[in-house]
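Read the structure below first, then the notes.
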Amino acid sequence: QVQLVESGGGLVQAGGSLRLSCAASARTFSSYPMGWFRQAPGKECEFVAAITWSGGSTLYSDSVKGRFTIFRVSAKNTVYLQMNSMKPEGTAVYYCAARTTQSLAVTLEDYRYWGQGTQVTISS
């Protein structure tokens with residue numbers, strides 16, 4: 001069983017930056033591909049970014065490509081989402097997730113473990 005705990009959310013002005021963290025409880029964390037998703041009020045949960053277990057490959061949604069960076073520090077059992085040039089439409093609850101199949105994925109159903117989410121609010 002893997003427990004994921006997100007942190008780092010908050011209020012930021014448009015154009016600003018924020019870094020989210022996702023700490024995993026299991027030592028096997030380093031074996032799992034990880035992803036970040038977000039859900040804005042009244043909208044469906046959407047894919048943001050994903051990273052392989054090694055950190056060697058990443059994948060981003062078109063809406064965040066070039067502005068967000070996903071990376072992981074296995075020694076800390078933590079995956080991060082660095083968000084730059086943030087936009088008001090990025091206001092959402094951000095979730096990290098882990099899957100147990102060794103490939104990148106963009107759909108919710110492909111991820112087995114989920115964190116509780118952290119609120120990110122971007123003011124215009």
Side-chain angles (χ1 to χ4, degrees):
Q1 184 74 15
V2 176
Q3 291 184 328
L4 305 174
V5 179
E6 302 96 334
S7 61
L11 174 64
V12 64
Q13 287 188 331
S17 297
L18 208 59
R19 178 179 292 184
L20 304 182
S21 301
C22 174
S25 62
R27 290 182 298 171
T28 54
F29 160 81
S30 61
S31 301
Y32 295 156
M34 300 289 294
W36 284 97
F37 290 78
R38 66 187 180 187
Q39 186 167 23
K43 296 187 177 181
E44 293 185 352
C45 193
E46 65 173 358
F47 169 77
V48 175
I51 188 167
T52 53
W53 70 271
S54 68
S57 294
T58 57
L59 187 65
Y60 298 93
S61 67
D62 289 342
S63 62
V64 307
K65 195 175 299 181
R67 300 186 298 116
F68 289 13
T69 301
I70 185 172
F71 63 100
R72 64 195 302 165
V73 179
S74 295
K76 295 184 176 182
N77 278 0
T78 302
V79 64
Y80 301 90
L81 185 67
Q82 177 67 42
M83 305 184 291
N84 300 327
S85 303
M86 299 179 73
K87 302 178 180 180
E89 53 265 37
T91 293
V93 177
Y94 284 69
Y95 300 90
C96 72
R99 65 185 310 234
T100 55
T101 302
Q102 295 298 343
S103 61
L104 297 177
V106 302
T107 60
L108 281 70
E109 293 76 15
D110 289 320
Y111 289 81
R112 181 174 181 181
Y113 302 106
W114 290 82
Q116 83 290 347
T118 184
Q119 176 70 47
V120 173
T121 303
I122 305 155
S123 62
S124 58

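As the structure is a prediction and not an experimental result, all values here were calculated from the model. Heavy atoms only: backbone and side chains are in, while hydrogens, waters and symmetry mates are out.
- Other residues, nucleotides and ligands contribute over 12 non-hydrogen atoms within 6.0 Å of the CD atom of Gln116.
- When all heavy atoms of Phe71 and Val79 are compared, the closest pair comes out as O-CG2, 3.3 Å.
- Taking every heavy atom of both residues into account, Leu59 and Phe47 meet most closely at O-CZ, 3.6 Å.
- Rounded to the nearest 0.5 angstrom, Ile70 CD1 and Met34 CE are separated by 7.5 Å.
- By the 4.5 Å heavy-atom criterion applied to side chains, Thr100 and Tyr113 are counted as neighbours.
- Thr121 places no side-chain N or O within 3.5 Å of a backbone atom of Thr91 that could act as its donor or acceptor partner.
- Cluster membership for Val93 and Val64, using ILVMFWY side-chain heavy atoms within less than 4.5 angstrom, is not shared.
- Of all non-hydrogen atoms in Leu4 and Ala98, the two that sit nearest each other are CD1-N, 3.8 Å.
- If you look at Tyr95 and Phe37, their ring centroids are not closer than 6.0 Å.
- Linking Ile, Leu, Val, Met, Phe, Trp and Tyr whenever their side-chain heavy atoms come within less than 4.5 Å puts Val2 and Trp36 in one cluster.
- Formation of a donor-acceptor pair under 3.5 Å by the Ser21 side chain with backbone atoms of Gly8 is not found in this model.
- Scanning all heavy atoms of the two residues, the minimum distance from Ile51 to Thr58 falls at CG1-CG2, 3.8 Å.
- Side-chain atoms of Tyr94 and Arg38 include a donor-acceptor pair closer than 3.5 Å.
- At distances below 3.5 Å, not a single donor-acceptor pair connects side-chain atoms of Gln82 with backbone N or O atoms of Ser17.
- With hydrogens and angles disregarded, a donor-acceptor distance shorter than 3.5 Å links the side chain of Glu6 to the backbone of Cys96.
- In terms of modelled atom types and a separation under 3.5 Å, the side chain of Arg72 and the main chain of Thr52 share a donor-acceptor contact.
- Minimum interatomic distance between Gly35 and Tyr111 (heavy atoms only, all atoms of both residues): N-CE2, 3.6 Å.
- Ser124 and Ala14 get closest at one heavy-atom pair: CA-CB, 4.3 Å.
- Looking only at side-chain heavy atoms (C-beta outward), Met86 and Val120 come within less than 4.5 Å of each other.
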Show, in sequence, the C-alpha distance, side-chain angles and deciding distance for Arg67 and Tyr60, and conclude whether the side chain to side chain contact (heavy atoms under 4.5 Å, CB included) test is met. CA-CA 10 Å; Arg67 300 186 298 116; Tyr60 298 93; over 6 Å; no

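- Using modelled atom types and a 3.5 Å distance limit, the side chains of Ser63 and Ser61 yield a donor-acceptor pair.
- Separating the CD1 atom in Ile122 from the CG atom in Leu18 is a distance of 8.0 Å, to the nearest 0.5 Å.
- Counting only distance, with no hydrogens or angles, the side chain of Arg99 and the backbone of Asp110 share a donor-acceptor pair below 3.5 Å.
- For Trp53, the CH2 atom is loosely surrounded, since the number of other residues' heavy atoms within 6.0 Å does not exceed 12.
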